[in-house]
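Side chains included, hydrogens not; waters and symmetry mates left out as well; all remaining heavy atoms used. A, B, ... follow the sequence lines: proteins, then strands. Residue 1 opens every chain.
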Amino acid sequence: MPKFWENLRRHLQKEKLMSVSNFLLMGITFLLLGIFIDVVVISQTALRYLEDQAQITIFFKDDFGEDKILPLKANIGNDARVASVTYVSKEEALRIFKEINKDEPVLLESISASILPASLEVKAKNIGNLDKLTNEYKSQEGVEEVRFYKDVVSRFASTSRAVYIVGFILVVSFFLISYSVIISALRTSINARGKELEIMKLVGASDSYVRDPFMYEGVFFSMVSAAAASGVIILLGVGIDRWGIFSKGLAIGFIPGFFINPIIFNTILAFILLLSGFLLGYFGSKTAIKKYLKY
Amino acid sequence: MHQIEFLKVSKEYIPGIKVLDGVSFNVNSGEFVFIVGPSGAGKSTIVCLLIGEERPTDGEIKFNGESVSDIPHEEVPDLRRKIGVVFQDYKLLDSKTVYDNVAVALEVVGTNKEEIKNIIPNILSLVGLTNQKDYFPSQLSGGEKQRVAIARALAHEPDVLVADEATGMIDPDSSDGVVEILEKINSLGTTVIMATHDERIVDSLKKRVIRIEEGKITSDQEGGKYRV
């Protein structure tokens with residue numbers, strides 16, 4: 001191992017500019033990789049939060065009393081397509097209205113519970129059912145109006161899907177970029193020592209003797225770059241946590257209902273980047289040296 | 001048992017064009033053999049096949065009774081520790097001293113520094129380079145460079161030393177010095193195979209001469225001359 005450090009020191013000294021540019025290029029690639037994963041997760045989380053809001057609000061006519069609304073609430077609640085249903089009475093509506101408009105006393109003076117409609121707030125298990133449910137509720141007796149946030153939700157859903165697809169493509173692209181950066185960086189290094197490698201093989205060096213220093217070098221370059229990017233990603237996690245917009249944490253797309261603290265998520269992401277750094281360094285250098293091991 | 005056996009060996013780099021065509025010969029332990037012939041006759045191909053750098057298209061090559069025609073990749077380094085090789089262009093590392101150039105051969109097999117310190121002075125003394133051990137290749141003459149290459153090839157105490165046009169880039173006086181060292185090494189029991197087209201050297205030594213032309217052996221004479 002000390003020989004490895006000695007070789008590395010010599011290489012860094014000899015190829016200062018190239019080493020710095022390789023570190024920067026790989027570091028930025030890993031950082032962008034981490035940021036895009038974060039962007040994908042944040043957009044998925046935002047969608048979850050949006051889906052979690054009341055999606056359909058059924059407003060009732062004034063003459064449709066609580067005695068009729070509550071049995072209807074029970075009926076809706078029993079529907080397998082519905083996740084939850086909440087009754088908002090006229091008084092509750094007034095309280096909410098007052099809360100929202102507490103800074104406008106003039107407006108509040110003219111409002112009483114009697115002019116606000118009672119309502120039911122319905123959350124569907126699947127936002128794909130919103131249209132169907134809305135139509136069903138519209139035809140119910142005593143219903144004044146049915147509102148649902150179809151446009152907002154579906155628009156955000158398609159944006160989020162686009163972010164997911166673009167993010168995925170970018171993540172794969174960045175992996176490929178990192179891979180080729182490692183290969184080309186090592187190929188340059190190997191080419192510079194081509195004669196030495198040829199002589200080593202002629203005098204009986206084993207594959208591992210020729211290959212290992214380059215493998216160490218590739219893994220070292222890649223992991224140091226990944227470590228630097230990981231540090232920034234952890235700080236980004238702290239930033240998202242302090243931002244405080246996601247009270248429950250970040251949603252992990254493939255585990256429904258699972259939320260995780262942004263710092264923990266980004267720390268895990270940092271470890272994934274480190275692992276990626278190791279794997280990319282390992283396989284990249286293995287590929288780079290392969291053709292030089294032909295006897 | 002012969003030390004080296006070439007049994008109807010053919011080699012094609014491009015399909016249909018035979019560089020070697022059914023070549024057969026044996027070399028016994030301790031022999032000094034010249035392989036002669038014009039450029040492109042196939043001399044260097046024989047060297048490459050012997051050290052496992054190339055595989056024969058047809059036929060079989062045996063070393064110490066074992067086939068090396070299809071030697072597994074991982075066994076090639078071991079073969080190269082038994083067959084030392086010297087090339088026309090020396091293949092020295094310009095950034096390393098004479099001592100370090102020879103040490104490379106020992107370092108790659110994991111010999112520790114203390115052992116290397118004990119081994120190298122003996123080898124450098126054998127090739128007459130004791131005083132030049134701290135010189136860089138750029139400070140040496142062609143003959144001296146070739147002697148460094150020989151010293152490196154001897155580091156593993158190989159059974160066979162193969163010299164491929166070893167005197168091709170050096171003046172006649174230096175060539176004589178190199179051949180003298182090869183004879184000395186041969187007298188110590190190492191088999192020496194020298195591929196060359198240096199008529200003067202071949203004729204002066206009166207050793208076994210295998211002549212190869214257009215990929216075929218045209219003569220194989222004990223105490224032979226360059227021209228048949």
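Looking at B:Leu92, only its backbone comes within 4.5 Å of chain A, counting heavy atoms on both sides. With a 4.5 Å cut-off on non-hydrogen atoms, B:Lys82 does not touch chain A at all. Both the backbone and the side chain of B:Leu93 have a heavy atom closer than 4.5 Å to some heavy atom of chain A.
Taking the six-membered ring for Trp and thresholds of 30 and 60 degrees, A:Trp243 and A:Phe246 have ring planes more than 60 degrees apart, a perpendicular arrangement.
Outside the 6.0 Å centre-distance limit, the rings of A:Phe283 and A:Tyr179 are not counted as a close aromatic pair.
At a threshold of 4.0 Å, the pair A:Lys201-B:Glu53 does not count as salt-bridged, since none of the basic side-chain nitrogens sits closer than that to a carboxylate oxygen.
A donor-acceptor pair under 3.5 Å links the side-chain atoms of B:Glu144 to the main chain of B:Ser141, judged by distance alone.
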